[in-house]
Amino acid sequence: MHEIAWPVIIAIYLFVAGDGVAAFYTGILANTFSKGKYERIAKIGSYIGVPLIILGLLMLIIDLGRPLSFWHFVLGENFLPLFRVSSTMSLGTWLLTAFTIFGGGYALTWLAEEKFARGWPVLKYFSSRPGLRKILGYLALPFAVLIACYTGVLLASTAAPMWNSTPYLGLLFLLSATSAGLSSIILILAATKSDRHLIYTFSKADAIVDILELVVFIILMIRLSSSAPEAAALLLNGEFSTLFWLGIVAFGLVVPLVMEIYELASSEKNVINTVVPVLSAVLILIGSFLTRVVILYAGQANF
């Protein structure tokens with residue numbers, strides 16, 4: 001057994017960062033492919049994504065113990081930009097910094113149009129600037145997607161067998177984050193009593209992502225069982241098996257997926273129940289968080 005070097009705050013950071021950027025790129029992509037039909041989703045995604053990334057950055061800085069250590073990955077000794085190609089921490093720090101700049105500017109273009117924020121001097125430059133919004137959104141988009149993958153790549157770059165024995169960890173975290181981002185948007189739509197058909201549409205998208213995530217999870221476990229059987233045993237029938245089977249597989253993936261498919265199959269077009277999408281969204285968020293907790297702790301236990 002190895003000492004737990006990365007505590008639960010890192011799992012929270014991984015979850016918060018993934019959820020935030022996924023809500024962000026989900027909003028932008030939905031609005032882009034709908035040719036502007038889902039502007040409100042893009043705005044909601046930015047309102048979720050940017051604050052959560054800032055919260056994640058604060059958690060990362062706190063965990064480092066010394067706030068100045070964070071800037072060590074961004075700036076060199078002469079306080080000039082420094083990018084270390086071989087350092088995953090340097091890569092992650094730059095991804096987070098770039099997203100915060102571009103995504104933050106994108107969110108401000110929406111905030112500047114809110115009634116309560118009109119007239120704020122600091123938002124004057126961002127008001128009524130659809131062109132600027134589009135540019136900032138597209139600049140932030142690739143960084144958002146890379147951050148969602150990066151949380152898995154960060155773990156895979158270490159020496160822990162559970163993390164570096166499979167190439168699918170980054171993809172799993174990307175799909176898990178996307179599902180969490182969609183679920184967060186669904187909860188916001190339900191809380192604001194939005195059009196039920198909109199909730200229905202995003203619940204359908206979430207069901208597709210859940211299926212892909214379940215498939216990747218199966219492939220990952222098959223690969224892990226052959227390349228690192230001791231690590232796989234921790235999840236399948238060992239110390240973390242209860243959380244894995246019940247928390248992640250059952251209540252985090254299978255139950256929400258069954259609920260979504262049942263609701264989508266039985267709902268009439270004019271009578272859509274939002275209770276099921278809301279419950280499945282809550283379970284998915286819990287399962288997404290537990291995925292990071294279990295993989296983080298099991299990986300360290302096997303190292």
Side-chain angles (χ1 to χ4, degrees), residues 6-29 41-75 81 83 88-114 116-117 120-123 125-127 129 132-133 135-154 173-174 176-178 180-185 187-188 191 285 288-289 292-293 296:
W6 287 356
V8 71
I9 192 173
I10 296 298
I12 297 173
Y13 155 69
L14 295 175
F15 168 71
V16 165
D19 184 15
V21 294
F24 185 92
Y25 64 66
T26 295
I28 289 183
L29 291 175
I41 302 301
K43 179 170 70 172
I44 290 173
S46 71
Y47 285 176
I48 295 173
V50 175
L52 286 184
I53 279 296
I54 292 174
L55 175 61
L57 278 171
L58 291 175
M59 288 181 180
L60 188 60
I61 292 171
I62 290 171
D63 183 67
L64 287 173
R66 296 175 297 172
L68 291 179
S69 297
F70 174 81
W71 297 111
H72 175 70
F73 294 106
V74 181
L75 303 175
F83 180 72
T88 53
M89 285 297 291
S90 177
L91 171 62
T93 303
W94 273 103
L95 289 176
L96 290 167
T97 302
F99 174 80
T100 302
I101 293 171
F102 296 129
Y106 177 81
L108 288 177
T109 64
W110 290 112
L111 184 61
E113 296 182 0
E114 301 286 1
F116 67 86
W120 290 7
V122 70
L123 296 178
Y125 181 76
F126 296 93
S127 180
R129 300 290 297 273
L132 177 64
R133 174 187 298 154
I135 291 172
L136 289 173
Y138 286 145
L139 284 173
L141 182 61
F143 294 107
V145 176
L146 288 172
I147 289 171
C149 301
Y150 166 78
T151 53
V153 174
L154 172 65
F173 274 43
L174 173 64
S176 176
T178 302
L182 282 165
S183 296
S184 296
I185 290 175
L187 291 178
I188 296 295
L285 286 172
S288 181
F289 173 64
R292 284 148 181 79
V293 170
L296 183 71

Heavy-atom side-chain contact between Val153 and Leu146 under 4.5 Å: no
According to the salt bridge (Lys or Arg N to Asp or Glu O under 4.0 Å) rule, which pairs have a member within residues 91-113, sequence neighbours left out? Glu113-Arg133
At what distance, to the nearest 0.5 angstrom, does CD1 of Ile12 lie from CG of Leu296? 10.5 Å
Sequence neighbours excluded, the answer for side-chain hydrogen bond (donor to acceptor under 3.5 Å, both in side chains) partners of Tyr47 is Glu114
Point-to-point distance, once rounded to the nearest 0.5 Å, from CD1 of Ile9 to CG of Leu14: 11.0 Å
If the condition is side-chain hydrogen bond (donor to acceptor under 3.5 Å, both in side chains), which residues does Ser176 pass it with, not counting sequence neighbours? Ser288, Arg292
Hey, could you give me the CZ/CD1 distance between Arg129 and Ile135, rounded to the nearest 0.5 Å? 9.0 Å
Pairwise side chain to side chain donor-acceptor pair (under 3.5 Å) hits with a residue in residues 50-62, at least two apart: none
Can you tell me how far the CD1 atom of Ile44 sits from the CG atom of Leu187, to the nearest 0.5 Å? 11.0 Å
Residues Leu174 and Thr178: closest non-hydrogen pair is O-OG1, 2.8 Å
Side chains of Tyr125 and Leu132 in contact at under 4.5 Å (non-hydrogen atoms): yes
For Tyr138, check side-chain hydrogen bond (donor to acceptor under 3.5 Å, both in side chains) against everything at least two apart and list the hits. Thr32
Side chain to side chain contact (heavy atoms under 4.5 Å, CB included) filter on Ile101, not counting sequence neighbours, yields Thr97
For Ser46 and Pro51 the tightest heavy-atom approach is O-CD, 3.7 Å
For Ala107 and Val50, which heavy atoms make the closest approach, and how far apart are they? CB-CG2, 3.9 Å
How would you list, by chain and number, every residue that makes a ring-ring contact (aromatic ring centres under 6.0 Å, His included) with Phe289, sequence neighbours excluded? Phe15
Please report the shortest heavy-atom distance between Ala42 and Tyr106, naming the atom on each side. CB-OH, 3.3 Å
To the nearest 0.5 Å, tell me how far Phe173 CZ sits from Tyr150 OH. 12.0 Å
Under the side chain to side chain contact (heavy atoms under 4.5 Å, CB included) rule, collect the residues that match up with Ala144, sequence neighbours excluded. Val21, Phe24, Tyr25, Phe99
Here the pair of heavy atoms bringing Ala148 nearest to Ala177 is CB-CB, 4.2 Å
Identify, with sequence neighbours excluded, every residue that meets side chain to side chain contact (heavy atoms under 4.5 Å, CB included) alongside Ser184. Asp19, Ile48, Leu285
Nearest-0.5 Å distance, OG1 of residue Thr100 to CD1 of residue Ile53: 6.5 Å
Which residues satisfy the side chain to side chain contact (heavy atoms under 4.5 Å, CB included) test with Leu123, sequence neighbours excluded? Leu108, Leu111, Ala112, Ala117, Trp120
Heavy atoms of Val16 and Leu52 approach each other most closely as CG1-O, 3.0 Å
